[in-house]
Amino acid sequence: MFVDVWLHHISNKIYMCLLYFVPTGDITRKGYEKKRAKLLAPFVPQTQSKTHHTDFLSANFPPLLCFFFYIHTEAVQAALARHKEEKMALPMPTKRRSAFVQSPAENCTPPDTSSASEDEGSLRRRQAAISAMLAQNLQSPEYWINRSVQGSSTSSSASSTLSHGDGKTHNHSQGQTSVLADVLAHTRIESSSVPPDVTSTVPQDRNSRVGLPPNIAVKGMSRGQSRSSMMDTAGVPAHSHVSTKIQQLLNTLKRPKRPPLSEFFLDDSEEIVEFPQPGPNTPKPEGRQIIPVKGEPLGVVSNWPPALQAALARWGATQAKSPALTALDITGKPLYILTYGKLWSRSLKLAYTLLNKLGTKNEPVLKPGDRVALVYPNSDPGMFWVAFYGCLLAEVIPVPIEVPLSRKDAGSQQIGFLLGSCGVGLALTSEVCLKGLPKTQNGEIMQFKGWPRLKWVVTDTKYLTKPSKDWQPHIPTANTDTAYIEYKASKEGTVMGVAVSKISMLTHCQALTQACNYCEGETLVNVLDFKKDSGLWHGVVTSVMNRIHTISVPYSVMKACPLSWVQRVHVHKARVALVKCRDLHWAMMAHRDQKDTNLSSLRMLIVADGANPWSVSSCDAFLNVFQSHGLKPEMICPCASSPEAMTVAIRRPGAQGAPLPARAILSMAGLSHGVIRVNTEDKNSALTVQDVGHVMPGALMCIVKPDGPPMLCKTDEIGEIVLNSRAGGTMYYGLPGVTKNTFEVIPVNSGGTPIGDVPFTRTGLLGFVGPGSLVFVVGKIEGLLSVSGRRHNADDLVATALAVEPVKTILTLCFTVIGVMTPCFLHAFPQAIDSIHQVGLYCLALVPANTLPKTPLGGIHVSETKQHFLEGSLHPCNILMCPHTCVTNLPKPRQKQPVGPASIMVGNLVAGKRIAQASGRDLGLIDDQEQSRKVSQRFQDHSLQWRAQTDPDHVLYMLLNAKVTPVSTATCSQLHKRAEKITAALLERGGINTGDNVVLLYPPGIDLIASFYGCLYAGCIPVTVRPPHPQNLAATLPTVRMIIDVSKAACILTTQTLMKILRSKEAAASVNVKTWPNIIDTDDLPRKRPSYIYKPPTAEMLAYLDFSVSTTGMLTGVKISHSAVNALCRSIKLQCELYSSRQIAICMDPYCGLGFVLWCMSSVYSGHQSILIPPMELETSLPLWLSMLSQYKIRDTFCSYSVMELCTKGLGTQTEARGVNLSCVRSCVVIAEERPRLTLTQSFSKLFKDLGLSPRAVSTAFGARVNLAICLQCHDARAGHEVPPRGAPQSLPLMESGTILPGVRVIIVNPETRGPLGDCHLGEIWVCSPHNASGYYTIYGEESLQADHFNTRLSFGDTETLWARTGYLGFVRRTELLDASGDRHDALFVVGSLDETLELRGLRYHPIDIETSVSRAHRSIAESAVFTWTNLLVVVVELSGSEQEALDLVPLVTNVVLKEHHLIVGVVVIVDPGVIPINSRGEKQRMHLRDSFLADQLDPIYVAYNM
């Protein structure tokens, strides 16, 4: 069914199942221990015995019959016993108590597995051999060792090699084996630097940092050292709950590897799939080419009617009182008896009504050949019989379908597709059924999803018209015209209609009559659905042809009384019973309730799903129970059928005392390779199959290869059964293309020559022909799982699952879904599958009882279940993912291209490409106005003094509140005077010296700006710090304390409110409040001016410190000089064209980076007015920012991603009612130190487009720690330049990070060789600018980091220029656009932080890419974050929906990361919204999240450890 779990471009077709089966082997094998290697070493044989394959046709079956009875249960228990010996500790998933779904087993209805023809009857006795099997395995080490060597799934590395086709066995010494095991157990295919073991009892070596919180590191080492420092600081105690589970998970992955599959992904852009090549020991077919098998000739019957309608007319006239049908009520008692006379007369009335009473004489509603839907419940067979034969008499084509119970009924849309393709416009139903259909408020029948508009006709007798005496139906001789259409659902859920012609229907009746030896007047008990398949063929059509009395037992009766059909056989002395394996199992389980039954009247017990290879267990168990009640072995007659070919084969009822047909015990390993091999060695991997009799009379059967051209198979080869017969379907109605591939197949021989011109029909059954031309079926095409070149049948896996747990545990088990109630099943089932089938289990979901989509007769609707799984609406109660064990064919990592001093350099070319460098325009000369300011261009505080003198009343700042009204304003003079007062307070109360660091702890406002200039006037170094959150002091106050300690602040300037918080009892619980530096309240300032204002002697003096916590959890402080501030402000002024008459709006936090520069310094330098909006005000009034832009007609605004995201998610279009008009906005710049969030900016532009916002208005800025502003784009026509073109396959969309600022030069450098790269090559961004930071502020005093990050040179090329390393990866791409100078524009694209990248599988990944994929996986994912720990990828997902959706996200997240990024997720953590920490710029603090996870502080909803 599925080729592999991993295909690069077509993998969306792979994840369509709940149970994923993929090749085992890359990472490890379950349960390996070093002790096992030592144990196996002395017993590994030096020479391997040859495997003798026996041709199936020459095999002797009877001697092998002794094992089949308990064969599968013993295999499962033996496999589990071996795994129990290993005692491997596996981390179980954790879940909140509120997330559990309560599903009492006693409320469950009896299981129904009819949709997959699986068998549950063998469960009762499969447990009987457990103890004996365990004893045998434990007491016989030779058997255990031999089993391991032969290829058991729990074997060592040597035996694993054997199981994959390596026929050589090497005899190593015990010591060598142990050493090899140690080496393999600790092998890692990851990056060279391995993080420390979090569960180690040895204490980690930590730096003695005074007063530093353990969850934040301080940047003060080299790049390599800083990362390990970050790891060290993030450690947790060894007894941590989460850390222990992660270590357990790692232990399960420390196992030897199977031989890896051949890599099938090339290192180029073109991927080519290579299927695994068969090994030397792979079994191959050795028999001769099969000869088509002919069924017995179809007998000639003298009085056989020319059509089915003619037979009904004869019985209605001659045997009017003979019973045709007995219907049962809900209690299982007869409800009514429909005689042949009543059936004929009512069918005649319906035919007359359909043709003459539905329309006018000139415009009839129905004409012969029209299609009519029959909608009748399973509990009303009589009405269906009348409607079916009424349509045949009216020569219209009946299309029986299921009754839709609701508008969202499982499969209803596919039924609508069937009705549409068949052109159905009329539906027949009963009055009771019509009343039960869902209706609209007007009382009309609801229009079902995907259905054509139907006209409903009630067929109850009182609504029918008696035909006139001169009217007689036209009954032609059976011809090739379509008689009826039977629906067929594929595994994908599509429903097609199989057209059955009149001659096919008549011939099928004759073939069934001959094969089953039907006689007139017999009684038949039918438990099956009478609308299709065997229930229709035997119970409705053939029974009328032979005047058989049919007793229909509906599904509702079987649910209430599973023994009801046995009772009907006993009461009516029925000769034939038509059942499925589930009915045998239910009757066997309910046998104790009734013991006085007698089945001796039966001559034939037809098992309709006898093609299921595991039906032999149900048949044997039923025979074992009811043999004492008169049931004889020769009565049981399994059959094989398909909707296309109808009945393929059926076992004829045998004579009493005749020998039973033989059974075959086949090797499951051979079957997985499509070869028939009799199992003579290991009974734990054997499959016992029973025959389904001979081919139908008048049919010709072949076995062809299921893949490719229909080539004839060999005698010992498994293939698809194809049939040529007049008694089969003719086409898929309305689908000629699909019809040709199924109904017009001509087999060819090995040379490719057709064996004839007679077309065959594909049955979808996999099987072979045994001795005596007996037909054996081993599975279905729909249930075939193709894994790594081997095929596994879904029914085999079903039987394995049923043997793991007692019967009451298994609720439903289809080949894609398993429903159980005990969590121990999570580990037992994968072990059993792995050991017996040698196939890995990718995903196992446990669902509560009665929650899966059901078919009308109680079976599991597989396609709907699959759809629910893919949509994340299945809601399992537990789930287990095993991707590490299964996914082995990941793409090969790309080889790194070496770039070093040996590269060819000619002028501007490196290796034939232009050097990837770009620069902004020149800063230019100082204008006359600035020249008049003399030294003001050198120092920021002088700029304020100059403006206070020249233009004292000019308003520089305006602070708005949530009502869009000014709270406070500051003119040049007011700001200067307030700064002087703060300077006086510092000199009087602070007792500080020139050059001391002063912490500014203020909410966003004008006080922060005044304090900044007050510090400059006093000669102090200001350090802005975000104030702690009053409601979350425990999380925010330690960061404040850490910055104060690291900066060695001499005092703190703050407000009276914040001063009380710093000294409160709540604060004392988080930090030591007694050791705060001197705190100065600036709410009450002295009115006198300072005695002097400090003037720096040189522009290289330090102006302020900029501290920020990066997304990697690193606290970094950089030193900004006066010259850098002056150059940066001038660069921004030129780029944004700022002057005194301009207004800009700022809505972002003002504590670090470019946000602080725009908030505090840019207006003072350029003279423009800044309207300030604290982001916290948006929490109370979302439209504040946009309303302000509209009200003040702002042209340029600056914001953060968090503000933009808040507006996008919270506002929508509700601002239209407030009259917001954004047509005035020409530039909206997002300030951030990260890759531009393309999706967010596009969503924002699209959402507010109707409010007048130009799509080119939104742009981005980019800065780093070494340079606060590298790119900034204002009112530029190039805004939003993107690569690659939209829709490019396997591409990552990126947005230009803004125009490079004036005076800034950037170059792309290889971070390892430090050599320049070519255009469009990814590398580290280096920057050279007059406003570069002076260096890191560190308490360690190390200068090596300064030289490495701020004063570094290229290894070749321009080796004289000093560059600063940004730590960000990106590339430069020359575009076709022209800049102001007429040259082509060089666009800078930022990809991500180098420190933040994840090194996995030798490749570099950026968290934002994985998080973007994860966020698209499900609608309930609000946010996500990823990080690594000990080479495991951890994904944390915020769930915005209900907790019952938590487990739905686990496979979806794992799948999307595997599909789009070729990575296996190690741990999936589902948490509440708001758990993922973000900083003031809206950036995720992934390392803080990692620390909280490892310390078990997240309070997750669910944690899944993928095995």
CG on L723 to OG1 on T761, rounded to 0.5 Å: 7.0 Å

Parallel, tilted or perpendicular: ring planes of F530 versus F384, cut at 30 and 60 degrees: tilted

Side chains of H572 and I551 in contact at under 4.5 Å (non-hydrogen atoms): yes

Interatomic distance, L605 atom CG to M635 atom CE [nearest 0.5 angstrom]: 9.0 Å

Donor-acceptor contact below 3.5 Å, side chain T550 vs main chain L325: no

Any donor-acceptor N/O pair, T494 side chain to S490 backbone, under 3.5 Å: no

I330 CD1 to L335 CG distance, which is reported to the nearest 0.5 Å: 11.0 Å

R762 and E720 ion-paired at < 4.0 Å: yes

Heavy-atom closest pair, residues P643 and D533: CG-OD1, 4.2 Å

Contact summary for V527 and R582, nearest pair of heavy atoms: O-NH2, 4.2 Å

L328 and S564, any side-chain heavy atoms less than 4.5 Å apart: no

Test log, rule side-chain contact (heavy atoms from CB on, under 4.5 Å), inputs W451 and I415: CA-CA 7 Å; W451 283 39; I415 293 292; 3.6 Å; yes

F388 vs V541 side-chain heavy atoms within contact, under 4.5 Å: yes

L418 side chain near V399 side chain, heavy-atom distance below 4.5 Å: yes

Where P759 and I746 come nearest, the two heavy atoms and their spacing: CA-CG1, 4.3 Å

Y732 ring center near F743 ring center (under 6.0 Å): yes

Basic-acidic side-chain contact under 4.0 Å: E522, R547: no

Heavy-atom pair with the smallest gap, counting every atom of L434 and K439: O-NZ, 2.7 Å

Polar contact flag, side-chain donor to acceptor under 3.5 angstrom, D460-S430: no

All side-chain contact (heavy atoms from CB on, under 4.5 Å) counterparts of R314, not counting sequence neighbours: N303, P305, T318

R575 side-chain N/O to M604 backbone N/O, donor-acceptor pair under 3.5 Å: no

Donor-acceptor side-chain pairing of H549 and S322 below 3.5 angstrom: no

Within-4.5 Å side-chain heavy-atom neighbours: I548 and T523: no

Derivation and outcome, side-chain contact (heavy atoms from CB on, under 4.5 Å), residues V775 and V695: CA-CA 7 Å; V775 180; V695 185; 3.9 Å; yes

Basic-acidic side-chain contact under 4.0 Å: E634, R652: no

Donor-acceptor contact below 3.5 Å, side chain T763 vs main chain V722: no

Check: D529 side chain, K532 main-chain N or O, donor-acceptor pair, under 3.5 Å: no

Heavy-atom pair with the smallest gap, counting every atom of L350 and G390: CD2-CA, 4.1 Å

Check ion pair E486-K531 (N to O, under 4.0 angstrom): no

Side-chain donor-acceptor pair present, Y389, R346, cut-off under 3.5 Å: no

Trace of the side-chain contact (heavy atoms from CB on, under 4.5 Å) decision for V403 with N378: CA-CA 9 Å; V403 178; N378 185 256; over 6 Å; no

Mutual orientation of the aromatic rings belonging to Y555 and W586 [parallel < 30°, tilted 30-60°, perpendicular > 60°]: tilted

Polar contact flag, side-chain donor to acceptor under 3.5 angstrom, E296-Q514: yes

Distance (rounded to the nearest 0.5 Å) between N479 CG and S501 OG: 8.0 Å

Residues S543 and H538: side-chain donor-acceptor under 3.5 angstrom: no

Residues, nucleotides or ligands: over 12 heavy atoms within 6.0 Å of K488 NZ: yes

Residue pair L437 / W456, side-chain heavy-atom distance below 4.5 Å: yes

Contacts of T507 that satisfy side-chain contact (heavy atoms from CB on, under 4.5 Å) - sequence neighbours left out: L298, I503, R726, A727

Selection residues 348-379 - residue pairs positive for ring pair (Phe, Tyr, Trp, His ring centres under 6.0 Å), sequence neighbours left out: Y352-W471

From M701 atom CE to L765 atom CG, the distance as rounded to the nearest 0.5 Å: 10.0 Å

Working for side-chain contact (heavy atoms from CB on, under 4.5 Å), residues L354 and C391: CA-CA 8 Å; L354 292 178; C391 290; 4.3 Å; yes

Where Y518 and L512 come nearest, the two heavy atoms and their spacing: CD1-O, 3.8 Å

Separation between CH2 of W344 and CG of L338, rounded to the nearest 0.5 Å: 14.0 Å

Heavy-atom donor-acceptor pair, T730 side chain to A499 backbone, under 3.5 Å: yes

